[in-house]
Amino acid sequence: MLPGDTVSPERSDVAAPARRALQRTWFGRLLRNRLGLIGAIILVTELAIAVLAPALTPFDPFEQDLRNRMLPPGADGHLLGTDEFGRDQFSRILLGTRYSLLVGATVVIISFVLGVPAGAIAGYYRWADGPIMRLVDLMLAFPQILLALIVVATLGTGLFNVMIAVGLASAPAFARLTRGVVLSLREADYVTATQSLGSNDGRVIVRHILPNTAAPLIVQSTFRVATGILSAAALSFLGLGAEPPTPEWGAMLSTGRTYLFTSPHLSIYPGIAIFITVLGFNILGDGLRDVLDPRIRR
């Protein structure tokens, strides 16, 4: 286009249908949802940091320098100071993004794999509803962190065992949500028509019912990632999760509490990292709930 040229009405009219079509998709609605968009930006930024962490860290996160231990933020090129072993705090927080996102994703995968099939079976088969849901109610009777503590005490300490424990503790929420959706869809006309055509129960559940549970499960997953990160950080804070020198935010908080009055930056910045990550996933979940709700048309 040459300087001074203007867009013809014909060209504008051609682009308008494509633009309106994009706005009607869930992605287009997410772009117009302010909270959801902010959460998505935070998530994408943290994913980029997790992938590029080795290239972004100005210092080796594991290298000790006892001559420069407990430096305040900004001293000698250390943006967020150093810890009790002289390791760069900023580099360790950046690398800790990997561990926190890995924990959140693993927790959701474990709880999804265990909870969704159990909820689908309980919702579809009346004979299985009672036993499965009573077990779910029993697990829900315990606070999630207490249930995770019981599992960690059984399996032993360590970040991997913490992920298993938090995943098991989160599975009942997925089971209950899936059961509720399957119960509402089990008597739907299209399910009855599929059954009358001779489809077996497995095909009906997998091909025709579970795809319609995707929207609430996606929203639930975003909230559970945040809960998983927070629970894993709490267990690491108690000394049951990541072990030194792993730069996991909960473990860094646990170490920093010893020096809270002399070097508060050791606790403040890992806490801010946890806060931003959990906030990002929560507001992304709120935005996705609005975007994927079929009753809302914007």
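What's counted below: heavy atoms across the whole structure, side chains too, no hydrogens, waters or symmetry copies.
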Sorted by chain and number, sequence neighbours left out, salt bridge (charged side-chain N to carboxylate O under 4.0 Å, His left out) with Asp129 holds for Arg179
Any idea which heavy atoms bring Ser236 and Ala251 closest together, and the distance?
CB-N, 3.6 Å
Test of understanding: with side-chain contact (heavy atoms from CB on, under 4.5 Å), list the residues that count as partners of Arg98, not counting sequence neighbours.
Ala50, Ala53, Pro54, Leu95
Test side chain to side chain contact (heavy atoms under 4.5 Å, CB included) applied to Trp249 and Thr277, step by step
CA-CA 11 Å; Trp249 294 336; Thr277 304; 3.3 Å; yes
May I ask you to decide if Gly167's main-chain N or O and Ser170's side chain share a donor-acceptor pair within less than 3.5 Å?
no
Could you go through the side chain to side chain contact (heavy atoms under 4.5 Å, CB included) check for Leu217 and Val116 one step at a time?
CA-CA 9 Å; Leu217 288 177; Val116 171; 4.0 Å; yes
Does atom CZ of Phe62 have more than 12 heavy-atom neighbours, drawn from other residues, nucleotides or ligands, at distances under 6.0 Å?
yes
Can you give me the closest heavy-atom contact between Asp88 and Pro58, atom names plus distance?
OD2-CG, 4.0 Å
Check side-chain contact (heavy atoms from CB on, under 4.5 Å) between Pro73 and all other residues, then give those that pass, not counting sequence neighbours.
His265, Tyr269
Of all heavy-atom pairs between Ile121 and Ala128, which one has the smallest distance, and what is that distance?
CG2-CB, 3.8 Å
Shortest non-hydrogen contact from Leu80 to Gln89?
O-CB, 3.5 Å
Within a reach of under 6.0 Å around CG of Asn200, are more than 12 heavy atoms found that belong to other residues, nucleotides or ligands?
yes
Side-chain donor or acceptor of Ser267 paired with backbone N/O of Gly256 under 3.5 Å
yes
Would you find a donor on one side and an acceptor on the other, under 3.5 Å apart, between the side chain of Ser254 and the backbone of Phe237?
yes
Residues that, via side-chain heavy atoms closer than 4.5 angstrom, fall in one hydrophobic cluster with Val44:
none
The remaining residues in the hydrophobic cluster of Met70, counting side-chain heavy-atom contacts under 4.5 Å among Ile, Leu, Val, Met, Phe, Trp and Tyr, are Tyr259, Leu266
Testing the basics here: between Tyr190 and Asn212, what is the closest heavy-atom pair and its distance to 0.1 Å?
OH-ND2, 2.9 Å
Over all heavy atoms of both residues, which pair between Ile209 and Leu185 is shortest? Give the atoms and the distance, please.
O-CD1, 3.8 Å
May I ask you to say whether Arg92 pairs ionically with Glu84, meaning some side-chain N is under 4.0 Å from a carboxylate O?
no
In short, salt bridge (Lys or Arg N to Asp or Glu O under 4.0 Å) pairs touching residues 132-149 with sequence neighbours left out are Arg134-Asp137, Asp137-Arg176
Using a 6.0 Å cut-off, check whether atom CZ of Phe142 has over 12 heavy atoms from anything other than its own residue.
no
Does the side chain to side chain contact (heavy atoms under 4.5 Å, CB included) test come out yes or no for Thr82 and Phe59, once each step is laid out?
CA-CA 11 Å; Thr82 59; Phe59 297 91; over 6 Å; no
